Amino acid sequence: MPELPEVETVRRGLQPVLGGARVVRVEQRRPDLRFPFPYGFAQRLTGARVDAVLRRAKYLLASLDTGETWVTHLGMTGRFLVERPEVQGESPGRFTHAAPEGAKHAHLALETDAGARVTFFDARRFGYMGLIPTAELGSHPWFAEIGPEPLEPGFDAAHLLGAFKGRSQAVKTVLLDQRVVAGLGNIYVCEALHRSGVSPRRPAGKVGRAAALRLVKDVRAVLEEAIIAGGSTLRDYAQADGLSGLFQHSWAVYGREGEPCIRPGCAGTVARFAQGGRSTFFCPRCQR
DNA sequence: CTTGGGTCCTGTGCGC
DNA sequence: TGCGCACAGGACCCAA
């Protein structure tokens with residue numbers, strides 16, 4: 001479930017449970033995800049206190065009082081399940097529903113000193129975890145070249161124009177490049193391009209200042225709206241679950257091939273084609 | 001350097 | 001009902 005809004009939603013679910021808590025038990029059920037767990041991972045996590053759960057791009061960062069940061073990338077199917085002791089009158093959090101895959105893909109489980117249990121599931125195992133000295137995060141290969149956070153001031157039209165300049169690659173592909181802007185994935189790139197009226201096929205170098213300004217505004221808007229909605233939940237996960245994300249109901253183009261464009265006054269039909277092996281959805285009528 | 005394609009892994013949904 | 005195939009939110013690696 002992981003583009004920026006989904007990762008941010010997960011962060012907001014984990015922070016109240018892990019922030020300020022001490023990890024008292026770690027059960028690592030396999031040696032690797034996409035990559036091997038770091039050497040001594042469970043032992044190094046056990047006994048640590050989590051200062052805060054943060055996010056950078058699509059990475060979750062749990063900073064520890066040991067001087068290390070526990071880093072998680074959810075890949076395509078990584079999920080966290082939080083279970084807490086029953087608290088009278090408390091409504092369950094967004095992530096307290098049963099994991100759809102069952103226990104089969106529960107690769108890591110930990111308990112806190114407050115009695116909460118946090119389990120990581122990942123059917124496809126495209127996710128990965130690391131334990132990195134906090135002082136070295138910025139220079140670590142996972143983070144060194146990542147671009148600005150789209151919801152922070154460093155992401156502006158001048159930055160985009162600089163990244164686009166002279167590039168013949170399609171603007172959609174360039175926006176997916178985490179070095180250009182952090183946290184965008186296939187869904188929100190399609191959505192932002194549609195809002196801005198920019199064709200995903202347009203060579204990045206041919207995006208002018210006006211379109212770059214619109215893209216900055218619309219990337220921000222779509223991400224902010226998605227965060228408020230708790231992210232998007234794909235079909236396999238959309239079970240009886242008032243707790244999953246809701247933004248999939250607000251998609252203008254993603255997953256809407258053959259359906260009418262929702263832009264007022266546009267009579268176009270949403271089309272789909274492949275770019276770099278991934279589906280792009282757009283309206284050929286109002287995106288140029 | 002840029003760009004396109006293949007790859008990791010498993011599950012689901014669709015057409016036949 | 002079963003089977004094969006296409007496709008899935010990411011990102012790395014390599015070849016041209």
Side-chain angles (χ1 to χ4, degrees), chain A residues 1-11 29-36 55-60 71-80 99-107 120-130 140-147 162-192 200-206 222-223 226-227 229-239 244-251 253-258 272-281:
Chain A
M1 49 188 302
E3 298 183 37
L4 187 151
E6 290 74 35
V7 179
E8 176 61 22
T9 301
V10 171
R11 186 196 73 75
R29 297 183 52 186
R30 54 175 300 129
D32 56 10
L33 297 171
R34 174 170 187 171
F35 308 123
R55 179 191 57 76
R56 171 75 171 114
K58 299 172 191 169
Y59 290 90
L60 289 162
V71 180
T72 300
H73 195 294
L74 300 174
M76 297 275 253
T77 50
R79 321 182 198 288
F80 277 102
E101 316 83 331
K104 184 176 172 189
H105 299 295
H107 305 313
F120 178 77
F121 300 81
D122 188 359
R124 288 177 75 178
R125 298 204 308 278
F126 281 8
Y128 47 98
M129 293 187 184
H140 188 278
W142 291 348
F143 300 100
E145 295 190 76
I146 290 191
F164 289 168
K165 188 175 181 184
R167 296 186 73 171
S168 60
Q169 206 173 16
V171 62
K172 188 237 185 178
T173 310
V174 175
L175 285 172
L176 281 175
D177 186 338
Q178 301 298 296
R179 294 170 296 187
V180 172
V181 55
L184 286 183
N186 207 35
I187 292 174
Y188 296 105
V189 161
C190 291
E191 293 297 313
R201 290 191 162 101
R202 193 140 131 207
K206 296 196 172 176
V222 74
L223 294 177
I227 289 170
S232 300
T233 299
L234 289 202
R235 50 189 171 285
D236 56 302
Y237 197 51
Q239 43 189 1
S244 47
L246 298 172
F247 195 72
Q248 64 276 14
H249 303 301
S250 300
W251 291 342
V253 286
Y254 191 85
R256 296 192 63 245
E257 180 184 18
R272 166 170 125 156
F273 69 105
Q275 270 180 311
R278 316 187 64 188
S279 286
T280 296
F281 295 87

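Lettering of chains follows the sequences in order, A, B, ..., and the numbering in each one begins at 1. In this text, all values refer to a predicted model and were calculated from it rather than measured experimentally.
Among the protein residues, A:G277 comes within range of no part of the nucleic acid, since none of its heavy atoms lies under 4.0 Å from any strand.
Using a 4.0 Å cut-off, some side-chain N or O of A:Q178 falls inside it from OP1 or OP2 of C:dA11. The side chain of A:H105 places an N or O atom within less than 4.0 Å of a non-bridging phosphate oxygen (OP1 or OP2) of B:dG11. Here A:K104 does not reach the OP1 or OP2 of B:dT10: none of its side-chain N or O atoms lies under 4.0 Å away. Look at A:Y254 and you'll find a side-chain N or O under 4.0 angstrom from OP1 or OP2 of C:dG9. Look at A:Q169 and you won't find any side-chain N or O under 4.0 angstrom from OP1 or OP2 of B:dT2. Between C:dA11 and A:H73, a contact under 4.0 Å exists linking OP1 or OP2 to a side-chain N or O. Residue A:R278 places none of its side-chain N or O atoms closer than 4.0 Å to OP1 or OP2 of C:dC7. Remark: A:K58 is in phosphate contact with C:dA11, judged by side-chain N or O atoms under 4.0 Å from OP1 or OP2. Within the 4.0 Å cut-off from OP1 or OP2 of C:dG9, not a single side-chain nitrogen or oxygen of A:T77 is found.
Atom CZ of A:F143 is separated from atom C1' of C:dG10 by 14 Å (rounded to the nearest Å). One can place CH2 of A:W142 at 12 Å from P of C:dA11, the figure rounded to the nearest angstrom. At whole-Å resolution of the value, CZ in A:R30 and C1' in B:dT10 are 11 Å apart. For the pair A:F35 CZ and B:dT7 C1', the computed distance is 12 Å after rounding to whole Å. Between the NE2 atom of A:H140 and the P atom of C:dC12 there is a distance of 11 Å, rounded to whole Å. The separation between A:F121 atom CZ and B:dG11 atom C1' is 16 Å, rounded to whole Å. Note: CH2 (A:W251) to P (C:dA8) measures 11 Å, nearest angstrom. Distance CZ (A:R125) to P (B:dG11): 9 Å, rounded to an integer number of Å.
Of all nucleotides listed (B:dC9, C:dA8, C:dA11), C:dA8 comes nearest to the side chain of A:R272. Ranking B:dC9, C:dA8, C:dA11 by closeness to the A:R34 side chain, first place goes to C:dA11. The side chain of A:R167 has B:dT3 as its nearest neighbour among C:dG9, B:dT3, C:dA11. Distances from the side chain of A:Y59 to the nucleotides C:dG10, C:dC12, B:dC9 place C:dC12 closest. In the set B:dT3, C:dC12, B:dC9, the nucleotide with an atom closest to the side chain of A:S168 is B:dT3. Among the nucleotides B:dG11, C:dC7, C:dG10, the one closest to any side-chain atom of A:S279 is C:dC7.
Taking atom P on both nucleotides, C:dC3 is separated from B:dC9 by 24 Å, rounded to a whole Å. Here, B:dG5 and C:dC7 have their P atoms 15 Å apart, quoted to the whole Å.
Side-chain contact check for A:S279 versus A:Y254: every heavy-atom pair is 4.5 Å or farther apart. A:F120 places none of its side-chain heavy atoms less than 4.5 Å from the side chain of A:R79.
A:H105 has its ring centre no less than 6.0 Å from the ring centre of A:F121. Between A:Y128 and A:W142, the distance from one ring center to the other falls under 6.0 angstrom.
Annotation: cation-pi pair A:R201/A:F273 present, NZ/CZ under 6.0 Å from the ring centroid and within 45° of its normal. A:R124 forms a cation-pi arrangement with A:F126, by the criterion of a distance under 6.0 Å to the ring centre and an angle within 45° of the ring axis.
With a cut-off of 3.5 Å on both Watson-Crick or G-U wobble distances, the partner of B:dC9 is given as none.
A donor N or O paired with an acceptor N or O is found under 3.5 Å between the base of C:dA8 and the side-chain atoms of A:R124.
Applying the side-chain contact (heavy atoms from CB on, under 4.5 Å) test between A:L184 and each of A:V222, A:D177, A:V189 identifies A:V189 as the sole match.
The aromatic ring of A:F126 sits over the base of C:dG10, with ring centres less than 5.5 Å apart and planes tilted by under 30°.
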